[in-house]
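A, B, ... follow the sequence lines: proteins, then strands. Residue 1 opens every chain.
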Protein chains: 2
Amino acid sequence: MKTVAKAKTRTVDRPTYHVGHLDTLLLDAARAMLEEVGPAKLSLRAVSARIGVSPAAAYHHFDSRASLLGHLAAQGFRELAVAVEERAATAAPGSLLREAALAYFRFACRNPCLYQLMFGPEFIGDESAVGLADARTRSFTLVQAVIAKDSGLEPGSGGARSAALAGWVLGHGLASLTIQGRLERPEGLTDDQLVDRALQGFAILFGSSGVSGPA
Amino acid sequence: MKTVAKAKTRTVDRPTYHVGHLDTLLLDAARAMLEEVGPAKLSLRAVSARIGVSPAAAYHHFDSRASLLGHLAAQGFRELAVAVEERAATAAPGSLLREAALAYFRFACRNPCLYQLMFGPEFIGDESAVGLADARTRSFTLVQAVIAKDSGLEPGSGGARSAALAGWVLGHGLASLTIQGRLERPEGLTDDQLVDRALQGFAILFGSSGVSGPA
DNA sequence: ACCTGAACACCGTTCAAGT
DNA sequence: ACCTGAACACCGTTCAAGT
């Protein structure tokens with residue numbers, strides 16, 4: 001409780017001024033409100049009010065609303081990477097693609113607004129958040145590694161990169177369409193079933209299941 | 001010019017009041033501004049000002065900003081469908097998937113903000129725009145038809161629907177990631193090359209290489 | 001160093017009132 | 001019927017001023 005020893009004037013406790021670590025308080029409040037109202041309507045004023053601080057206070061910790069949102073997005077990329085990583089670690093080789101896709105898709109479904117923020121235009125022009133570019137690159141590198149591992153391709157080769165691109169497109173396409181409700185999903189279809197269906201579709205389009213075979 | 005014959009009072013021309021078809025004027029102005037400022041910052045006030053009309057005027061033609069945006073999105077879905085349709089019509093069987101993907105991707109790249117609007121959360125809650133649901137359904141149906149045609153699947157069958165899902169995911173995933181700049185695209189790579197690369201990646205992931213790619 | 005109050009230039013939306 | 005003016009309740013952002 002006795003936080004600062006160097007308090008040389010006044011009473012020890014000052015409950016009127018909000019003390020330190022306002023940045024994390026802001027971030028936490030924003031994260032909580034994000035899933036309530038969505039990325040577009042998340043206002044700096046509202047999150048400031050939520051933690052009982054003036055609207056201007058945030059500007060001592062973040063450059064702008066976009067910057068705050070950028071930090072949130074970076075958090076998201078880190079969590080997404082972890083989720084995929086964990087799942088990929090305990091997956092049987094051969095089913096790695098499916099497991100990674102499942103983990104990716106579940107993360108998006110469980111944090112729809114955060115996911116929208118990560119891949120949406122909301123915090124464009126930020127990029128200042130050092131963590132963002134890193135976290136994003138790390139996510140992509142991870143996908144690449146998972147894909148390369150399962151397909152037995154030389155990591156870094158052209159094939160591995162094309163495959164990683166495809167994997168990323170698959171995960172994001174499905175997640176994005178689902179979250180935005182643009183899919184005409186048959187009712188009663190679980191998340192896992194939807195992923196399997198998409199994988200099945202790709203197998204039909206690109207596989208040996210009778211598409212291209214001249215046989 | 002002499003629009004109304006029943007003008008029984010006053011002078012025939014009234015250049016001070018903005019006359020009729022304000023709805024299409026609004027829509028056109030919004031469409032133009034959309035690609036300038038993006039869906040998030042497209043304000044009803046600004047488009048009203050652009051055509052020299054009061055901010056409140058728009059509410060006699062649209063329920064809300066979301067509704068205006070919904071109409072714009074519907075326009076987009078119709079244009080997208082046309083673009084894919086045209087391309088698909090003049091494509092050699094076997095390369096239909098690639099041609100459709102190219103058309104889809106190009107439309108998105110040429111109208112990035114419109115595309116973002118169509119698949120973004122900006123006009124959620126609208127749905128009132130009758131044209132929207134229709135236009136969207138029509139787009140999806142078209143993709144389904146194209147896919148089914150090329151893969152030789154029974155239209156309406158489970159396989160055809162899975163394949164259509166995959167096709168949709170492919171197109172949207174690639175377009176969305178590209179437009180949002182989340183892709184680490186090697187410089188100098190053209191749109192077409194990017195599409196081919198993704199197709200190649202899918203071919204690697206899901207089976208035989210070289211389904212419909214070039215050589 | 002950290003936060004507040006007040007202001008500025010914007011929003012979407014409503015509603016009485018004008019023509 | 002169609003449009004305006006003025007108002008309400010919001011925004012993001014800045015900046016002098018307080019502690």
Every protein N/O lying under 3.5 Å from an N/O of nucleotides 9-12 of chain C:
| unit_1 | atom_1 | unit_2 | atom_2 | d |
| --- | --- | --- | --- | --- |
| C:dC11 | OP1 | B:S43 | OG | 3.4 |
| C:dC11 | O5' | B:S43 | OG | 3.4 |
| C:dG12 | OP1 | B:L44 | N | 2.8 |
| C:dG12 | OP2 | B:L44 | N | 3.3 |
| C:dG12 | OP2 | B:R45 | N | 3.1 |
| C:dG12 | N7 | B:R45 | NH1 | 2.5 |
| C:dG12 | O6 | B:R45 | NH1 | 2.8 |

**Message:** Stem finding on DNA chain C, please: runs of three or more consecutive Watson-Crick or G-U wobble pairs, both distances under 3.5 Å, sorted by first number.
**Reply:** C:4-8 with D:12-16, C:12-16 with D:4-8

**Item:** Nearest listed nucleotide, side chain of B:A57, among C:dC3, D:dC3, C:dG5
**Value:** D:dC3

**Fill in**
Atom CG of B:L26 and atom C1' of D:dC2 are separated, to the nearest Å, by 13 Å

**Request:** Mind jotting down which residue pairs meet the ring pair (Phe, Tyr, Trp, His ring centres under 6.0 Å) criterion with at least one end in residues 24-57 of chain B? Sequence neighbours excluded, please.
**Result:** none

**Item:** Partner set under salt bridge (charged side-chain N to carboxylate O under 4.0 Å, His left out) for A:R50, not counting sequence neighbours
**Value:** A:E36

**Complete:** Across all chains, not counting sequence neighbours, the salt bridge (charged side-chain N to carboxylate O under 4.0 Å, His left out) partners of A:R185 are A:D191

Would you mind writing out the side-chain donor-acceptor pairs for residues 112-120 of chain A within the sub-3.5 Å range, not counting sequence neighbours?
| unit_1 | atom_1 | unit_2 | atom_2 | d |
| --- | --- | --- | --- | --- |
| A:Y115 | OH | A:Y104 | OH | 2.7 |
| A:Y115 | OH | A:H172 | ND1 | 2.6 |

**Contacts of B:R161 that satisfy salt bridge (charged side-chain N to carboxylate O under 4.0 Å, His left out) - sequence neighbours left out** = none

**Fill in**
In whole angstroms, the gap separating P of D:dC3 from CG of B:D23 amounts to 9 Å

**Asked** Which pairs, with at least one residue in residues 30-56 of chain A and sequence neighbours excluded, count as a ring pair (Phe, Tyr, Trp, His ring centres under 6.0 Å)?
**Response** none

**Prompt:** Out of curiosity, A:Q193 CD to A:Q200 CD, how far, rounded to the nearest 0.5 Å?
**Reply:** 11.0 Å

**Request:** Identify, with sequence neighbours excluded, every residue that meets salt bridge (charged side-chain N to carboxylate O under 4.0 Å, His left out) alongside A:R110.
**Result:** none

**Request:** Ignoring backbone atoms, establish whether A:H60 has a side-chain N or O less than 4.0 Å from OP1 or OP2 of C:dT4.
**Result:** no

**Complete:** Heavy-atom nearest nucleotide on DNA chain D taken for B:P55 and for A:P55; more 5' hit belongs to B:P55

**Request:** Select one nucleotide: of D:dT4, C:dC3, D:dC3, the one nearest the side-chain heavy atoms of B:L22.
**Result:** D:dC3

